[in-house]
Amino acid sequence: MSMLQQQVAIVTGATSGIGRVIALALAKEGARIFVVSNEPQKIPETLAEIRQLSPESEAREVDVTSAAAVEEAIKAVQERYGRIDILVNNAGITQDNLLLRMGEEHWDRVMEVNLKSVYRLTRLVLRPMMKARYGRIVNISSVVALTGNPGQANYSASKAALLGFTKSVALEVASRQITANCVAPGFIETAMTAKLSPEVKQAMLSRIPLGTMGKPEDVAAAVLFLVSEAGRYVTGETLHVNGGMYMS
Ligand code: NAD
């Protein structure tokens, strides 16, 4: 039997990059995926691909910065499946600038998408998970949460905040057999990193002991471990997937 047979997994930002590959990896193990995405044009193709692996999967256009939209989406998952086993908070953005030039709107937007949405979604899934006495929450942080990065004060602050948030939640719900962990990717080949200049990319590569950029599949493998039976005794942790760029 597949590892996640019959389980229900919500994955945010699942129509691009890392989120899409995480959704496919969980679907391959039999989980029914509820895709949360603010890219309506990409939903049909992504959902079709996921359904080839897990036919009962669904998708919905949701902006994770909208409390009402998020609440409706979680309600829809419960009505459709009657359970929520896994939440992967993957949606994230960058709005880079040196701090001196970083306007409040760029600070607020990054915090809203990368941090507040995680508070919002996690809170809503906890009730059904606590009732079921089972749950797996994985938050996608970043290596820059630990190292910092010039031009990313907002982004690295949002990703570092996830680490503290995750540990606190892990402590609050451990007695109900719910785990909460972070995965902190390093430099991964996606649209987010494609927009970097060749010089910046070269500089990043020179800091990676394993010598190459990571792939979304490397991040998905870490998520799969944490949500599967193999990861059942791991909680409040951060799993670094960065080619040695940062070692904790
Ligand atoms: P990406 O830009 O390819 O994907 C991000 C996804 O988030 C997209 O599907 C986007 O539509 C979605 N999203 C953004 N704002 C949203 C909103 N308001 N509502 C709903 N969805 C929204 O980027 P990626 O590289 O795949 O990044 C995925 C996650 O991994 C992010 O949290 C990112 O911070 C993190 N990360 C990426 C890297 C990397 O090198 N690519 C490194 C460390 C961490």
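Whatever order the structure lists ligands and atoms in, that order sets their numbers, starting from 1.
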With respect to [X], which candidate in [options] satisfies the side chain to side chain contact (heavy atoms under 4.5 Å, CB included) definition?
X: T46; options: R20, E39, R51; result: R20
X: M129; options: I84, T122, V173; result: I84
X: F187; options: T212, I208, N242; result: I208

Pick whichever of [options] has a heavy atom sitting closest to [atom].
atom: atom 31 (C) of ligand 1; options: N90, T65, I140; value: N90
atom: atom 44 (C) of ligand 1; options: G92, A69, S141, S16; value: S141
atom: atom 18 (N) of ligand 1; options: I22, D63, V36; value: D63
atom: atom 37 (C) of ligand 1; options: I18, T94, V70, N242; value: I18

Hey, does [X] sit under 4.0 Å from ligand 1 if you only count heavy atoms?
X: N114; result: no
X: K159; result: yes
X: A184; result: no

Heavy atom of the protein closest to [atom] (residue, atom name, distance):
atom: atom 9 (O) of ligand 1; result: E39 OE1, 3.0 Å
atom: atom 17 (C) of ligand 1; result: N38 ND2, 3.3 Å
atom: atom 12 (C) of ligand 1; result: G13 CA, 3.7 Å
atom: atom 36 (N) of ligand 1; result: Y155 OH, 3.5 Å
atom: atom 41 (N) of ligand 1; result: T190 OG1, 3.0 Å
atom: atom 43 (C) of ligand 1; result: P185 O, 3.4 Å
atom: atom 42 (C) of ligand 1; result: G186 O, 2.9 Å
atom: atom 14 (C) of ligand 1; result: I93 CG2, 3.7 Å

Next on the checklist: Side chains of S156 and N149 only: does a donor on one sit below 3.5 Å from an acceptor on the other?
Outcome noted: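 Side-chain D/A pair, S156 to N149: absent.
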Using modelled atom types only, decide if a donor and an acceptor are shared between the side chain of [X] and the backbone of [Y] within a distance under 3.5 Å.
X: S197; Y: V200; answer: yes
X: T12; Y: V36; answer: no
X: S117; Y: V64; answer: no
X: N90; Y: V11; answer: no
X: S37; Y: E61; answer: no

Checklist entry - V64 to ligand 1: N or O pair under 3.5 Å? => result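 Among all N and O atoms of V64, at least one is under 3.5 Å from an N or O of ligand 1.
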Item to check | I188, any N or O under 3.5 Å of ligand 1 N or O | outcome: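 Right, the criterion is met.
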Checklist entry - Is it true that atom CD of E104 has more than 12 heavy atoms of other residues, nucleotides or ligands lying nearer than 6.0 Å? => result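 Result for CD/E104: open.
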Checklist entry - Counting heavy atoms only, which part of V62 comes closer than 4.0 Å to ligand 1: side chain, backbone, both or neither? => result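 Near ligand 1, V62 shows its backbone, while the atoms from C-beta on stay back.
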Just jot down the ligand 1 atoms closer than 4.0 angstrom to any heavy atom of [X], in number order.
X: V113; value: 15 (N)
X: F187; value: 40 (O)
X: G17; value: 3 (O), 26 (O)
X: T193; value: 39 (C), 40 (O), 41 (N)

Checklist entry - Given side chains that start at C-beta, do those of I137 and N181 come closer than 4.5 Å, heavy atoms only? => result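 I137 vs N181: side chains apart.
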Checklist entry - Nearest 0.5 Å, what's the SG-CG distance between C182 and L163? => result 5.0 Å
Next on the checklist: Same cluster or not: L126 versus I86, using hydrophobic residues (I, L, V, M, F, W, Y) connected whenever any side-chain heavy atoms lie under 4.5 Å apart?
Outcome noted: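 Not linked; separate clusters.
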